[in-house]
Number of protein chains: 4
Amino acid sequence: MSTEHLRGRFQKDTDRVAARYIASIPFDQRLYRQDIAGSIAHARMLGRQGIIPEGEAEAIISALAEIREEIDQGQFHFKVELEDIHMNIEARLIEKIGDVGGKLHTARSRNDQVALDLRLFCKEAIGETVRGLKGLQAALLDVAEANIDVIMPGYTHLQRAQPVLLSHHLLAYFEMLQRDVLRFRDCLARTDVMPLGSGALAGVPYPIDRDFVAQQLGFSRISQNSIDAVSDRDFVIEYQAAASMAMMHLSRLAEELVLWSTEEFGYVDINDSFASASSIMPQKKNPDVAELARGKTGRVYGHLLGLLSGMKGLPLSYNRDLQEDKEGLFDTVDTLHASLEAFTGMVRTLRVNARRAGQAAEGGYLLATDVADYLVRKGLPFRQAHSVVGRLVAYAAEKKRALSHLGLEEYRRFSDLFEADVLQMTAGASVAARSVPGGTAPDQVRAQVARARRAVNDE
Amino acid sequence: MSTEHLRGRFQKDTDRVAARYIASIPFDQRLYRQDIAGSIAHARMLGRQGIIPEGEAEAIISALAEIREEIDQGQFHFKVELEDIHMNIEARLIEKIGDVGGKLHTARSRNDQVALDLRLFCKEAIGETVRGLKGLQAALLDVAEANIDVIMPGYTHLQRAQPVLLSHHLLAYFEMLQRDVLRFRDCLARTDVMPLGSGALAGVPYPIDRDFVAQQLGFSRISQNSIDAVSDRDFVIEYQAAASMAMMHLSRLAEELVLWSTEEFGYVDINDSFASASSIMPQKKNPDVAELARGKTGRVYGHLLGLLSGMKGLPLSYNRDLQEDKEGLFDTVDTLHASLEAFTGMVRTLRVNARRAGQAAEGGYLLATDVADYLVRKGLPFRQAHSVVGRLVAYAAEKKRALSHLGLEEYRRFSDLFEADVLQMTAGASVAARSVPGGTAPDQVRAQVARARRAVNDE
Amino acid sequence: MSTEHLRGRFQKDTDRVAARYIASIPFDQRLYRQDIAGSIAHARMLGRQGIIPEGEAEAIISALAEIREEIDQGQFHFKVELEDIHMNIEARLIEKIGDVGGKLHTARSRNDQVALDLRLFCKEAIGETVRGLKGLQAALLDVAEANIDVIMPGYTHLQRAQPVLLSHHLLAYFEMLQRDVLRFRDCLARTDVMPLGSGALAGVPYPIDRDFVAQQLGFSRISQNSIDAVSDRDFVIEYQAAASMAMMHLSRLAEELVLWSTEEFGYVDINDSFASASSIMPQKKNPDVAELARGKTGRVYGHLLGLLSGMKGLPLSYNRDLQEDKEGLFDTVDTLHASLEAFTGMVRTLRVNARRAGQAAEGGYLLATDVADYLVRKGLPFRQAHSVVGRLVAYAAEKKRALSHLGLEEYRRFSDLFEADVLQMTAGASVAARSVPGGTAPDQVRAQVARARRAVNDE
Amino acid sequence: MSTEHLRGRFQKDTDRVAARYIASIPFDQRLYRQDIAGSIAHARMLGRQGIIPEGEAEAIISALAEIREEIDQGQFHFKVELEDIHMNIEARLIEKIGDVGGKLHTARSRNDQVALDLRLFCKEAIGETVRGLKGLQAALLDVAEANIDVIMPGYTHLQRAQPVLLSHHLLAYFEMLQRDVLRFRDCLARTDVMPLGSGALAGVPYPIDRDFVAQQLGFSRISQNSIDAVSDRDFVIEYQAAASMAMMHLSRLAEELVLWSTEEFGYVDINDSFASASSIMPQKKNPDVAELARGKTGRVYGHLLGLLSGMKGLPLSYNRDLQEDKEGLFDTVDTLHASLEAFTGMVRTLRVNARRAGQAAEGGYLLATDVADYLVRKGLPFRQAHSVVGRLVAYAAEKKRALSHLGLEEYRRFSDLFEADVLQMTAGASVAARSVPGGTAPDQVRAQVARARRAVNDE
């Protein structure tokens, strides 16, 4: 059997090269469960509405369930000449139950059928994505809690700026991932729309019950415009945009793990089981998972831009260009899920080198802002205090000494507001002082961890 | 005055080339209203909390209001050597009220300040974007209602497929824009977060009241992690992603208006006031607004990619790379708003050529699906009906005759299920038959117009 | 056997999830021929230079040839735990000939090895790409020659502008593809550089002969900086940039074939064997190959942007992010080659509807520019002539008459420079008059076809 | 004066919103010199060929020169209602010399005119780009020479791998920039094509001399197909693709300068004049130029994507979408040139901390590969040597001792091939041993510097 039956008015078979070019079965076979679920709901509705005899509907449904089993078991032979998953399954259906199988496509088109399949796929993907994000959030919270009081240098411009809690720093990633969770959920609301009944583009001339089909398949709403329903891929693009942002977040975490596991920073040790060895340099332990995720971020961006470019300037309604929606989406979903899974393991097994992080936070000039704030509290306008401390730091730097190694008389050369208590400053005190909501003080961070735990556990 | 006061420990002025390279004042001056509003709220809070004397807070607030007036009136001289809008305003403040002005920056950093300014800007932009989208929706509904029963060919693959109502086709764009409205509103929820109090990255060691500042500035929430708050530009990317989809929708409408106003299609006439003339061919009327919007879609995509790429792999917290968030955002906002405004006028003045559209829908083979459905209703399985009609169309095409010009006996050569009523088929009947929710039947489309009106008017 | 031997200092095996994440063998096995060719050349050089005994080099070379045969025959079992194609082959080598196999990696690293493999792959790909481009050029020339004198409307802004030869229009695509050919050849010059000998990053401490290896493998030059050689993927990006432009050209041709095969334009008929049928509308013949190529253009853009994003901000030298270079490249190469092949068949079998094209070029106002030029030749400044004809066209349009249906007295109402000969204007005369180099006159187009033939046949 | 004269058949003025949307004069005024140069060459040719009287050509040319002077002096008033630079200049020309000015547009269209202007602009831009690239190359060579023997750790995966010369590392950037130079030169060859004479799309019906115009304007060739000539923007895209790669190279150098100037690495000190201060942390010196260039890389990528997307699927010939080619190009050119200029200054003033770089290269396990190669030279197959050294490093790491601090007996626990000379290994010896072409040995690097100098100076 071939698509011959589709080609009624055509006088020639598809060119072999063209057939291969056009066929989507090599990748859309991944949608077989969604396709069969949609067909079963559609057949049930056709029978219930009396559009086809109920008995025939039952026969179709049983055969479809068998076909699903065949594919599950790897016993189904997909044929390129049948182009896509829809025709492969329909052809097998007709093979199994004869002409009655040809009634399944009543009141339906491949245009609304593929829109349905893809929406079902995206809904499931979003569920898994959110679970993956929460898994990584939980791992970050575990590491934050286990190292709740570890101090490290906070950076701006990759220069040491002020001491922060490492747990506070990790919670920044919790916040990013939390926005991702919310974005995917917003995306779900626009994905959760049942398009079947739109036909090729104009709706169908049969007394169908779209709400019944929606309810069977777990959709909250039905689409409101048949032309839009077969032309729309916004939900795919929106998934890809949300995925791009999530990968961007991972790429930032990746960058920091790469940095922190260098000999120069040395704040963390990536577990051997998430690192790889060199083919030539036996001493190397390379943070490959982090590097790859950073690289794969570009790939996910590329899929987003590919589809945006592909949709640009397309007239309504369905055009074959839309077939290009799938491979990029599948790869985006797979890449994001694999990255989340690998990161969850890598983060969970991360070893923090509290000593090195703490030492780095004590030395040098990280308390300079605190010194300026000290002067402000003594009444100096901030801008002048900033200027005084700037000169003080320049002096210390020239002497190659840390601020903590200066004596009071040296401080007082720059302002007589300095008193003995300026020598008591420590990274710990600096951190503790920043006890505003969202700040790095231990009490604030503990409260944030608790809030974050609730958010992760909240369905 | 220069940034000298900032460069306490530096021994050299900024290189002239580097200063120009680094300065953001040529574009971030656009944020002066947001910057001053934020500073006023911050000063008021500092006074209220006793961090600075209330009287000094009042002096700062009055001077800031004067500075805003100076900029409004074009009497403010922006200096490149002061780098950015923040330092330009602070320097003027100190110029006006002396050292007290230097207290404004207490418990604040440019890092949280610029995050605040940009969030205020985005919140306002989203409001205007939604108004622009609704304006175009209203124009589409007007044209749909004025031409509610006009029939045209519906297209798939740009081939005539089935008759549809032109109003139904226009409503497809209403749906797209409605998704855009919802997406921008979702984006607003994540933008509406007040970052001030995050300081440079770690929070601030002063008893500030972040909620008061949020309330003064109309924010619903405050940020929960200071490191994230100064590192995050998700809200900008999310605006750009939503804008990319909105422009993509406009590009599709643009493509159709370009097509429909060709001599070949001829379904609409773009008003002279939205078209342009040729420098060499006097007969030309070019759909320039539509073409440009199609072209500008790429530009908006580019800004999205630019920022996504720019954020990839950045370690926390603030890095100067983030300064590149603004120009692309500003251009995205301006391009989208200008495009929506131009389209609203162009659509509102569109003249529909109902006669040509109707003729195109009657001729040829657009009713072939209806003929197949006719056979299905007579009991033939859809797939066989499809095959019969395929041969019928091939026969007619070879004779170069429309289906409506075939006689009953010719129909019956292909199936004896055909009876005299098959000759009664019209585009109007075809359209009317598709009376499912979301279908192209006039009753359905009227209901959709009513629903759409409510959505547009709904705040 | 596992990568155990690589993990000397590691205490743990790679995590299962991480191993799958890191492994490149699922896609880089495609490089086995290049990898083995490189290893053979390397082994031969090691023996020749006395770095390993010549007999051992011979044993390695023989075993490698056998391994290639095993893979050719599908008898090789690739193992994910061996990560990549390099380790899979080396492990098999050692399995076959024992410890001697462990000498192959002397004076080499996977970093320079993979750079070599990829450069060999790209060189071959470019050769095939150029052949594909020339194949399509030849098909375009065939259609142009077969329809050398067919007149059609030339368009600007998709509005009919001036008559042109369809052959001239097709030759525009020849020019685009010719630039593509040259761009790929320029890219080849920068790809044709032999990186082996760069080691991990610093060069190798063995008396190797890099020029010998280059000559064995058919490279023109060797790389000049070992750090650059293992960090550089410019040649991949440059291929992808050239491919993006080539796909953009195909997308424009695709757009025109879609337009021209609509009922509205009707200038060409795509052969049934390159079109597809509708699952619901029996009358449809859809230009799927053209649509898909248009859609796939976005995909190729995406791969370009993905790699550009991925390379942004990477420190030297090799980082694992670079592994992401391959899948996008492979898909780009495959997509471009498949598109060129499909287009070559589609173009070659295209049927031109000369009558419809000619009629469209005669009617309406396409000769308006010629009328303006007529007045210029009578002495009127062009800008005034343009204005006169503008009014003339407005008059005719209001009367709904073509220019050719106006009488001389009507012409003379707008300028008394008009004389009887203005009524003799035809599309054919218009075309013939544009006999400047590059113009649409038949003599010029014939000359261009001849020139183009020579370019295609020229190696 | 308005474009009234262009709107002969139109009954309405352009809508105010639409006019602003369509106008290109806000940005294309930048092309005035190119536009006037093209018009002068065109006018001279028209006179020379007798298409207009020579005296009139002279009058036009003189007036155009005056207009250029007016614009140079800032005395020209650009009008939005005249849309673009072409009409602004032509209108002023007619204002100055009356109807004769209306003859300039004979045998020309804005379509070929703007193609000419843009090609002239790109040719000049490429010249400046190449000069900018060479400037940075020269600065890199200066720093390399001044620090020719400084040893630093070479990195893979950002892990210390093997000692290299810092000069060798900097020369890697020379290589990248050299490829950029060659790519821009290849791009120049395809840009250097004179399009005038293509008219609106079909050529012109006048006896023009295209070669004369080309020679006047310094072009090597004329375009060969008029339809292609007005539709083609490949040269813009190709510039943008080359610029994207160049910016990517700068982003990598930027990343390294950011890393190397951290407290953790400390290999270089960026001159104060290329760094900036913090508004809150007085001790900070931020590598803003490097960070911004890294961020601007995304922006340049965005422009490339924008135009690629914009061109996708455009039918021939000219469409108004093409107007979107300019702003992205201008910004790309400006961004690249500014970045090159800023980097040249920053690199030239870089201070290298030879001591810290050298210490980092000595310690730890950077000589492990050398130890493995030592064993290979004693006859052990590389793969086994690698394994032995892996265990040796694991032993040393557990003892927290560098390889250089192990005693011979400890070495011999892992292989009895070790002898006393294994203790003599140094970073200097390691570097010197890599004396293959392209390797990091001092003699090789000196030779490369000499070769590079010649390439920079070579025109």
Side-chain angles (χ1 to χ4, degrees), chain A residues 5 8-9 99 102-103 105-106 154 156-157 162 164 169 171-172 175 179 186 197 201-203 205 210 223-228 234 241 244 248 251-252 255-256 294 297 301 305 308 311-315 317-319 373 376 381-384 387 390-391 393-394 433-434 436-440, chain B residues 5 8-9 99 102-103 105-106 154 156 162 164 169 171-172 175 179 186 197 201-203 205 208 210 223-228 234 241 244 248 251-252 255-256 294 297 301 305 308 311-315 317-319 373 376 381-384 387 390-391 393-394 433-434 436-440:
Chain A
H5 61 293
R9 64 165 281 223
D99 285 352
K103 294 193 174 180
H105 213 52
T106 309
T156 62
H157 307 260
Q162 296 173 356
V164 297
H169 191 114
L171 280 171
E175 292 293 321
R179 284 193 295 277
D186 286 344
L201 78 157
R210 300 187 61 205
S223 60
Q224 296 296 319
N225 184 292
S226 59
I227 295 177
D228 176 53
D234 283 12
S244 293
M248 183 266 281
S251 80
R252 300 185 78 170
E255 175 82 4
E256 299 211 295
R294 197 173 52 184
T297 302
Y301 291 179
L305 300 162
L308 277 172
M311 297 293 292
K312 199 215 74 171
L314 286 190
S317 58
Y318 182 84
N319 300 284
D373 286 325
V376 167
F382 175 78
R383 199 46 81 196
Q384 291 174 40
S387 177
R391 288 192 299 273
V393 167
R434 282 165 174 75
V436 292
T440 200
Chain B
H5 62 293
R9 65 166 278 224
D99 285 351
K103 295 193 174 181
H105 212 54
T106 310
T156 62
Q162 295 172 356
V164 296
H169 191 114
L171 280 170
E175 292 293 322
R179 282 192 297 275
D186 285 345
L201 78 155
I208 59 173
R210 298 188 62 205
S223 58
Q224 296 296 320
N225 183 293
S226 59
I227 295 177
D228 176 53
D234 283 12
S244 292
M248 182 266 280
S251 81
R252 300 185 78 170
E255 175 82 3
E256 299 211 296
R294 198 173 51 184
T297 303
Y301 291 0
L305 168 68
L308 278 173
M311 298 293 292
K312 199 214 75 172
L314 286 190
S317 61
Y318 182 84
N319 300 283
D373 286 326
V376 168
F382 175 79
R383 199 46 82 197
Q384 292 174 40
S387 177
R391 289 191 299 274
V393 167
R434 282 163 174 78
V436 291
T440 199

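Labels below follow one simple rule: chain letters A, B, ... track the order of the sequence lines, proteins then strands, and each chain is numbered from 1. Bear in mind that the values here come from a model prediction, so they are computed numbers and not experimental data.
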*Asks:* If you compare all heavy atoms of A:Ile227 against all heavy atoms of B:His169, which two are closest, and at what distance to 0.1 Å?
*Replies:*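 Answer, listing the atom of A:Ile227 first, then B:His169: CD1-CA, 3.6 Å.
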*Asks:* Answer yes or no: is there a donor N or O on one side and an acceptor on the other, between the side chain of A:Thr156 and the main chain of B:Ser317, under 3.5 Å?
*Replies:*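 No.
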*Asks:* Does A:Met311 reach the side chain of B:Arg252, with side-chain heavy atoms less than 4.5 Å apart?
*Replies:*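 The answer is yes; the side chains approach within 4.5 Å.
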*Asks:* Just so I understand: if I count every heavy-atom pair under 4.5 Å between each of A:Thr297, A:Asn319, A:Asp99 and chain B, which residue has the most?
*Replies:*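 When all of A:Thr297, A:Asn319, A:Asp99 are compared, A:Asp99 has the most.
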*Asks:* Atom CZ of A:Arg179 and atom CG of B:Asp228: how far apart are they, to the nearest 0.5 Å?
*Replies:*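 The CZ atom of A:Arg179 sits 4.0 Å away from the CG atom of B:Asp228.
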*Asks:* Would you mind telling me which of B:Pro381, B:Gly439, B:Ala433, B:Gly197 has the largest number of heavy-atom pairs within less than 4.5 Å of chain A?
*Replies:*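 Between B:Pro381, B:Gly439, B:Ala433, B:Gly197, the count favours B:Pro381.
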*Asks:* Is the closest side-chain heavy-atom distance between B:Leu171 and A:Gln224 below 4.5 Å?
*Replies:*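 No, their side chains stay 4.5 Å or more apart.
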*Asks:* To check you understand the geometry: which heavy-atom pair defines the closest contact between A:Gly203 and B:Arg434, and what is its length?
*Replies:*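 Distance-wise, the nearest heavy atoms are O-NE, 3.2 Å.
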*Asks:* So which part of A:Tyr318 gets closer than 4.5 Å to some heavy atom of chain B, the side chain, the backbone, both or neither?
*Replies:*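 For A:Tyr318, heavy atoms of backbone and side chain both lie under 4.5 Å from chain B.
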*Asks:* Look up atom CG in B:Leu314 and atom CE in A:Met248, then write down how far apart they are to the nearest 0.5 Å.
*Replies:*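 Nearest 0.5 Å value for the CG-CE distance: 8.5 Å.
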*Asks:* Can you give me the closest heavy-atom contact between A:Arg294 and B:Lys312, atom names plus distance?
*Replies:*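 So the minimum-distance heavy-atom pair works out to O-CD, 3.8 Å.
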*Asks:* If you compare all heavy atoms of A:Ala241 against all heavy atoms of B:Ala241, which two are closest, and at what distance to 0.1 Å?
*Replies:*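 Smallest interatomic distance, heavy atoms only, reads CB-CB, 4.0 Å.
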*Asks:* Looking only at non-hydrogen atoms, find the nearest pair between A:Tyr301 and B:Leu308 and report the distance.
*Replies:*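 Smallest interatomic distance, heavy atoms only, reads OH-O, 2.8 Å.
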*Asks:* Among A:Pro205, A:Ser223, A:Ser244, who wins on heavy-atom pairs under 4.5 Å with chain B?
*Replies:*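 With the most close heavy-atom pairs to chain B, the winner is A:Pro205.
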*Asks:* How close do A:Ala202 and B:Val164 get, heavy atom to heavy atom, and via which atoms?
*Replies:*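 Reported closest heavy-atom pair: CB-CG1, 3.8 Å.
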*Asks:* What part of A:Arg210 gets within 4.5 angstrom of chain B, counting heavy atoms only: side chain, backbone, both, or neither?
*Replies:*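 Only the side chain of A:Arg210 comes within 4.5 Å of chain B.
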